[in-house]
Amino acid sequence: MSQLEKATFGAGCFWGVEEAFRVIPGVTHTAVGYMGGLTSSPTYQEVCTDQTGHAEVLEVKFDPNVVSYETLLQVFWENHNPTTLNRQGPDVGSQYRSAIFYHSEQQKEWAEVSKAELDASGKWKNPVVTEITPATAFYRAEEYHQRYLQKRGLGSCRL
């Protein structure tokens, strides 16, 4: 068994983000929660006030011998709009920001390169606003948020 690695992404409401990553071969564990803010042990209700500074995030544990961090980045970019500041679809607020929280200098480098490539590709009319910052404390969200869509037999948050 190889050493597992960790990746953390913010791409809007964490329910759909979790579902997109949970099914990837090589992803061994997912948990939704909060990162990047000032408040210790925030609750969902506190994060929803847009006053804690936290983003809704997905923490992924993965086997790099089965799935690469670069592949996870690709899934991240494909599953949200990285050009909308503090917004994904109808969800508005800094907790819904596009963010990559890196756990190593190598992850930081890969994230920056992939962001620059996406920005230069012309796929999006507006510039990519995704923040790339060091991972800080991860606060696991309340249990009812974990695997929310799977528990309800849903594959996505489509409106």
task = Is it possible for you to say whether Phe138 and Tyr34 belong to one hydrophobic cluster, with membership spreading through side-chain heavy-atom contacts below 4.5 Å?
result = no
query = Any idea which heavy atoms bring Gly36 and Arg97 closest together, and the distance?
reply = O-NH2, 3.6 Å
task = Give every residue pair that meets the side-chain hydrogen bond (donor to acceptor under 3.5 Å, both in side chains) criterion with at least one member in residues 104-113, sequence neighbours excluded.
result = Glu70-Trp110
task = Output yes when a side-chain donor or acceptor of His54 lies under 3.5 Å from a complementary backbone atom of Thr39, and no otherwise.
result = yes
task = Could you tell me whether the side chain of Thr30 reaches within less than 4.5 Å of the side chain of Val17, counting heavy atoms only?
result = no
task = Over all heavy atoms of both residues, which pair between Asp91 and Cys13 is shortest? Give the atoms and the distance, please.
result = OD2-CB, 3.6 Å
ask   = Got a donor-acceptor contact below 3.5 angstrom from the Gln88 side chain to the Tyr96 backbone?
value = no
message = If you apply the rule side-chain contact (heavy atoms from CB on, under 4.5 Å), what do you find for Val92 with Asp50, and how did you get there?
response = CA-CA 9 Å; Val92 179; Asp50 199 17; over 6 Å; no
key: Separation of Ser94 OG from Glu56 CD (nearest 0.5 Å)   = 10.5 Å
task = For the pair Lys115 (side chain) and Thr130 (backbone), establish whether a donor and an acceptor sit closer than 3.5 Å, ignoring hydrogens and angles.
result = yes
request  = Quick one: pull up OG1 in Thr49 and CD in Gln95 and give me the separation to the nearest 0.5 Å.
outcome  = 7.5 Å
message = Nearest 0.5 angstrom please: Asn65 CG to Glu5 CD, how far?
response = 9.0 Å
ask   = Same hydrophobic cluster for Phe101 and Val129, using side-chain heavy-atom links shorter than 4.5 Å among ILVMFWY?
value = no
query = Is a side-chain N or O of Glu142 found less than 3.5 angstrom from the main chain of Tyr44, in a donor-acceptor match?
reply = yes
task = Say whether Ile100 and Phe62 are linked into one hydrophobic cluster, either directly or through other cluster members, by side-chain heavy-atom distances under 4.5 angstrom.
result = yes
ask   = Is Pro134 close to Tyr102 at the side-chain level, that is, under 4.5 Å between some pair of heavy atoms?
value = yes
message = Closer than 3.5 angstrom, by distance alone: can the side chain of Arg22 be matched with the main-chain N or O of Ile24 as a donor-acceptor pair?
response = no
task = Indicate if Val47 and Leu58 have the same hydrophobic cluster label, given that clusters are the connected sets of ILVMFWY residues with side-chain heavy-atom separations under 4.5 angstrom.
result = yes
note = Heavy atoms of Ser114 and Leu73 approach each other most closely as OG-CD1, 3.6 Å
request  = Please round to the nearest 0.5 Å and tell me the distance separating atom CD of Gln146 and atom CZ of Phe14.
outcome  = 7.5 Å
message = Taking ring-ring contact (aromatic ring centres under 6.0 Å, His included) as the cut-off, I'd like each qualifying pair that reaches into residues 71-91, sequence neighbours left out, listed once.
response = Phe9-Phe76, Phe76-His80
inquiry  = Between Arg140 and Glu59, does the side-chain contact (heavy atoms from CB on, under 4.5 Å) criterion hold? Intermediate values first, please.
reply    = CA-CA 9 Å; Arg140 185 179 167 93; Glu59 181 179 82; over 6 Å; no
Under 3.5 Å, side-chain donor or acceptor atoms of residues 117-124 against the rest of the protein: list the pairs with distances, not counting sequence neighbours.
{"from": "Asp119", "atom 1": "OD1", "to": "Val128", "atom 2": "N", "distance (Å)": "2.9"}
{"from": "Ser121", "atom 1": "OG", "to": "Leu118", "atom 2": "O", "distance (Å)": "2.7"}
{"from": "Ser121", "atom 1": "OG", "to": "Lys123", "atom 2": "N", "distance (Å)": "3.1"}

key: Gap between atom CG of Asn126 and atom CG of Leu85 - 0.5 Å precision   = 11.0 Å
inquiry  = I'd like to know if Val57 and Val32 are part of one continuous hydrophobic network [Ile/Leu/Val/Met/Phe/Trp/Tyr, side-chain heavy atoms within less than 4.5 Å].
reply    = no
Any donor-acceptor N/O pair, Gln51 side chain to Glu46 backbone, under 3.5 Å = no
task = Examine distances only and state if a side-chain atom of Thr28 and a backbone atom of Lys61 form a donor-acceptor pair shorter than 3.5 Å.
result = yes
